[in-house]
Amino acid sequence: MSEARAVVLGGGAVGLAFAAAAAAEGMPVRVLEGGPSRPAADPDLYDARVFALSPGTRAFLEAIGAWRRIPADRIAEVRRMDVRGDDGASRLDFESPEGRPLSWIVEGNRLARALAESAAANGAALEHGIAARSLQAGASGIRLERADGAVETASLLVGADGVDSWTRTALGLASTAKRYPETALVANFRCEKPTGGVARQWFRQDGILAWLPLPGDRLSIVWSARGELARDLAALEPAELARRVRDAGGAEAGEMVVEGTPAVFALRLVRVPRVAVAGAVLIGDAAHGVHPLAGQGVNLGFQDAKSLADTLARRSPLERPGDLALLRRHERARRADVDAMQFVTDRLEWLFALEAPLASRFRNAGLRLVDAAPLGKRLLAAHAMQ
Ligand SMILES: Cc1cc2nc3c(=O)[nH]c(=O)nc-3n(C[C@H](O)[C@H](O)[C@H](O)COP(=O)(O)OP(=O)(O)OC[C@H]3O[C@@H](n4cnc5c(N)ncnc54)[C@H](O)[C@@H]3O)c2cc1C
């Protein structure tokens, strides 16, 4: 039997995490990333892309050797969440019952570097600037032709190439996409008052605004704003943008100053009913696009990476990595989690986008009800900490 090898197409956070996990189990892995190699992060700048990482993600990143490679002074703990409705009064405030952090905020570039280092340390190879031209996949292996003419063969191809996945199209895997009416603006700020480890979220008439704590006196925002608002905000002078963000958050952090360059992202719900064919499987955003209002997209992707690496490591000696039955086991293991997150985020987005007065009363009453129920809050905190 020839040695089992995996090729990962896409060296984002999820592809690198799978590579690190599978390589740690002894599987030779090559990661082919389309983009150029990333320069070392400037210590004076904070990346505009930040992720809220759940305790389940932290445990996985620790296990694959990535967590300790993220500089400790660039990790911000979230100890409390304060969620407000759009009537100015409704509120849901919760913290971890045991006093442990609910999540950790980490910059995208530092997370990617830590993952690339742990993938390399575990024995995975990473190549940048690779474009794929064609792909054939079957249970006995895959053949990937690159644009530079080189041919990659392996026992399994893992498509981790993001929400517009080339792999998904090349494999003929069906997907449905829904464009949300919001566009997300992300930006970092230096603030007059420290955030105190509190993540805040406002469900507003014009969209959903989240403030995520960064270390010290900084915070990062994701403003999923309806219509053209996110683009209009991004085009403002920095001082005017800071004023708008300060006022939208009731000046909870005092005066604010924009740091770095804001960025905007289109938001889509992408459902992929089948993520596997014989010889190939999708993970991360390639397998599911979710609204960022719950900050769970990359967390879902990391659990895909973990599940796939575990399924491969535990396969019987008679099974090949590309066997469809094996890949379907991974697919089934992930289905409920992905479906539940897509359902909840999609319904919340819908509920808060409704303009009817009754809808407003209903959603704000819902927030107040959960806030008043100790059991509901415990359940919510427990879910946030998975
Ligand atoms: C505004 C916003 C805020 C968010 N906040 C959070 C949060 O707080 N917490 C959270 O969990 N999630 C969050 N998410 C979701 C998160 O960004 C994604 O789920 C995550 O980036 C997906 O990682 P990925 O590795 O699957 O895909 P990507 O990050 O898209 O990486 C895909 C990689 O594949 C490469 N690639 C693409 N095509 C090819 C190809 N053909 N060949 C080779 N390489 C290719 C790309 O260059 C890229 O490096 C947020 C999303 C948005 C838009």
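Model, not experiment: these values are computed from the prediction. When a ligand or atom number is given, it counts from 1 through the structure's own listing order.
The closest protein non-hydrogen atom to atom 13 (C) of ligand 1 is F51 CD2, 3.8 Å. Of the protein's heavy atoms, D161 O, 3.3 Å lies nearest to atom 37 (C) of ligand 1. At the top of the distance list for atom 46 (C) of ligand 1, counting protein heavy atoms only, stands E33 OE2, 3.5 Å. A52 N, 3.0 Å is the protein heavy atom nearest to atom 8 (O) of ligand 1. Protein heavy atom at the shortest distance from atom 11 (O) of ligand 1 is V298 N, 2.8 Å. For atom 19 (O) of ligand 1, the nearest non-hydrogen atom of the protein is D285 OD1, 2.7 Å. Ranking protein heavy atoms by distance to atom 3 (C) of ligand 1, first place goes to R49 NH2, 3.5 Å. Nearest protein heavy-atom neighbour of atom 33 (C) of ligand 1: G12 N, 3.6 Å.
Below 3.5 Å of separation, one finds no N or O of V222 facing any N or O of ligand 1. Backbone and side-chain nitrogen or oxygen atoms of G34 are examined, and one is located within less than 3.5 angstrom of a nitrogen or oxygen of ligand 1.
In this comparison of G295, A210, A48, A17, the heavy atom closest to atom 10 (C) of ligand 1 sits on G295. Nearest-residue assignment for atom 34 (O) of ligand 1 (options G10, G159, G129; heavy-atom criterion): G10.
Contact annotation for atom 29 (O) of ligand 1: protein absent (non-hydrogen atoms, distance under 4.0 Å).
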**OP:** Determine, stepwise, if the pair Q342 / H291 fulfils side-chain hydrogen bond (donor to acceptor under 3.5 Å, both in side chains).
**Re:** CA-CA 8 Å; Q342 290 192 319; H291 196 292; over 6 Å; no
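Within ligand 1, the atoms closer than 4.0 Å to a non-hydrogen atom of A160 are 32 (C), 33 (C), 34 (O), numbered from 1 in the order shown. Of all the atoms in ligand 1, the ones that sit under 4.0 Å from a non-hydrogen atom of G162 are 27 (O), 30 (O), 32 (C). The contact set between ligand 1 and L32, taken as ligand atoms under 4.0 Å from a residue heavy atom, comprises 43 (C), 44 (N).
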